[in-house]
Amino acid sequence: MPSAFPKISTIQYEGPRSRNPLAFKHYNPHELVEGKPMKDHLRFSVVYWHTMRGAGADMFGWGSAVRPWELGEGNVEAAKHRARCFFEFCEKLGAPFYAFHDRDVAPHGKTLKESNRNLDAVVKVMKEEQKRSGVKLLWGTAQLFVHPRFMHGAATSCNADVFAYAAAQVKKAMEVTHQLGGAGYVFWGGREGYTTLLNTELKREMDHLGAFLHMAADHKKKIGFKGQFYIEPKPKEPTKHQYDSDAAACLNFLREYNLLKDFKLNIETNHATLAGHTMQHELEVAAAAKALGSIDANTGDLLLGWDTDQFPTDLYLTTQVMLTILKMGGFTTGGTNFDAKVRRESFEPIDLFYAHIAGMDTFARGLKIAAAIRKDGRLADFVRQRYASWDSGIGEKIEKGKVGFRELEAYALKMGEVTTNTSGRQEFLENLINEFI
Ligand code: XUL
Ligand code: CO
């Protein structure tokens, strides 16, 4: 088999003193953190779309990426070859998982039947490659946003034929995900929203989305697929407003349409930024509903204001993420999926390695820092102390539902004035975190 990365051998852990850019300084897969190997905490995943299909184009310029293994667009043999190159990449990187859209691994056909045939041919190679390399599928998904037929959305299109087409495509994508032993399946509503309310029946479109997801959950049972379903929130882009705006909107939607038992959330950093939230806010909202399933690890650029999908290299960000992930007891089916692309200017194949190594090392450090903060205990002690008034006395009675307004009025009248508030100590806490970074 010809090699796509002939000059690169498997990336090794060399420790923090290493100056080798093609080595991990912090990600040491078998090192134990809180009694569990790093690789099981982090469950790193490489995305097919950016890594193999991202050409570096933007709205002002053509693709800039040099990809010597490319044999061309639109043909199945080239797609099979590309899939083999992808697995070579994951294997050399030491990433245990990957994620893909149906149409980024195999070319669009002229008909749905032909597209399905193309997909089957490439999935066969992916299955072989999974077996050969040991790399597993974190999740699969259907690409329901590139083709012009999805101009008005897919499940929320104004056109019922488009809904039917999308259903058929998702059915197939779920089936191949199942065939590949996927740990999950993601629904990201690429164009499930609107660009103007002048032409939009919002309630009807949301009802359709609810019905679509119920059909997917039914089909999941029918084929015996045990993987986890996720919704990936994003507020906008390419639509002006996407129905799956943020974690809270998704949870409300799932509750309203009685789908909470079937779905968890896949939270992406750059989408949180676009929604005007921090990543940790989105994670905490999802975790509070016991619906934090997986993360799309990337970051945006606060000055650019669109979904730049950069590799996460900010230690504060990864520390915050890992604090929440550790607090919820870690991933089960989910993982740390790099939905991230190299910059247009980072056009050489080796940049794909540098970028993923940077993301993996930054997350490994975030994990170690978060574990150290937890072991130290001062942050948790502070928070525990802050809420101590709820552990006994009137607070305990309120939490246990033993008192109502009448009892609380009697309590407050007797108290006269609140004299028990304590400082929030934000600056003290920020400095405390800095001790560990
Ligand atoms: C787009 C995005 C998607 C999903 C999968 O912003 O994040 O790539 O992760 O469809
Ligand atoms: Co994503």
Side-chain angles (χ1 to χ4, degrees), residues 43-55 57-59 86 97-106 137-147 150 153-156 166 169-170 172-174 176-177 182-193 209 212-213 216 227-247 249-250 263-275 277 279 282-283 286 292-301 304-312 321 333-342 356 359:
R43 292 168 62 85
F44 286 128
S45 163
V46 179
V47 303
Y48 202 96
W49 52 98
H50 289 312
T51 308
M52 298 315 274
R53 309 302 284 138
D58 64 22
M59 56 278 215
F86 177 72
F97 293 99
Y98 75 103
F100 76 101
H101 297 93
D102 49 3
R103 297 292 178 264
D104 52 51
V105 294
L137 177 59
L138 189 69
W139 50 262
T141 187
Q143 188 205 73
L144 303 170
F145 43 90
V146 166
H147 195 281
F150 297 120
T156 63
Q169 193 180 323
V170 167
K172 179 72 182 173
M174 280 171 59
V176 302
T177 298
Y185 185 92
V186 162
F187 292 81
W188 169 60
R191 294 182 191 274
E192 312 291 27
L209 184 57
F212 192 94
L213 297 178
Q228 176 65 49
F229 270 177
Y230 308 101
I231 297 222
E232 183 178 319
K234 184 177 180 182
K236 56 188 169 193
E237 198 210 72
T239 57
K240 172 202 183 86
H241 176 84
Q242 189 173 302
Y243 297 131
D244 304 329
S245 299
D246 62 4
C250 287
F263 286 82
K264 285 188 175 175
L265 302 184
N266 179 40
I267 302 291
E268 176 165 329
T269 320
N270 208 161
H271 296 179
T273 308
L274 290 176
H277 301 310
M279 177 63 165
E282 287 293 80
L283 295 174
L292 173 52
S294 199
I295 63 170
D296 269 13
N298 62 17
T299 193
D301 184 311
L304 284 176
W306 67 85
D307 198 13
T308 54
D309 282 349
Q310 291 167 222
F311 276 84
V321 170
T333 52
T336 308
N337 180 50
F338 290 113
D339 190 356
K341 60 186 178 203
V342 288
H356 283 88

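Start at 1 and go down the list; that is how both ligands and their atoms are numbered.
The main-chain N or O of T336 is never found under 3.5 Å from a side-chain atom of R43 such that the two would form a donor-acceptor pair. Between the side chain of D296 and the backbone N or O of N266, no donor-acceptor pair lies under 3.5 Å.
By the criterion of a separation under 2.8 Å, the protein N/O/S atoms near the Co ion (ligand 2) amount to E232 OE2, E268 OE1, D296 OD2, D339 OD2.
Using cut-offs of 30° and 60° for the angle between ring planes, the H356 and F311 rings count as perpendicular. Using bins of under 30°, 30° to 60° and over 60° for the plane-to-plane angle, the ring pair Y48/F86 lands in the tilted bin.
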Checklist entry - Yes or no on salt bridge (charged side-chain N to carboxylate O under 4.0 Å, His left out) for D307 and K234, after CA distance, side-chain angles and deciding distance? => result CA-CA 10 Å; D307 198 13; K234 184 177 180 182; 2.9 Å; yes
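Contacts of K341 classified as salt bridge (Lys or Arg N to Asp or Glu O under 4.0 Å), with partners at least two apart in sequence or in another chain: none. Looking at residues two or more places apart in sequence or on another chain, you find no ring-ring contact (aromatic ring centres under 6.0 Å, His included) involving H50.
In this structure, a donor-acceptor pair under 3.5 Å is present between the side chains of T156 and E192. For the residue pair Q169/D102, the side-chain donor-acceptor check at 3.5 Å is satisfied.
Within 4.0 Å of ligand 1, protein heavy atoms belong to W49, H101, W139, W188, E232, K234, E268, H271, D296, D307, D339, listed by chain and number.
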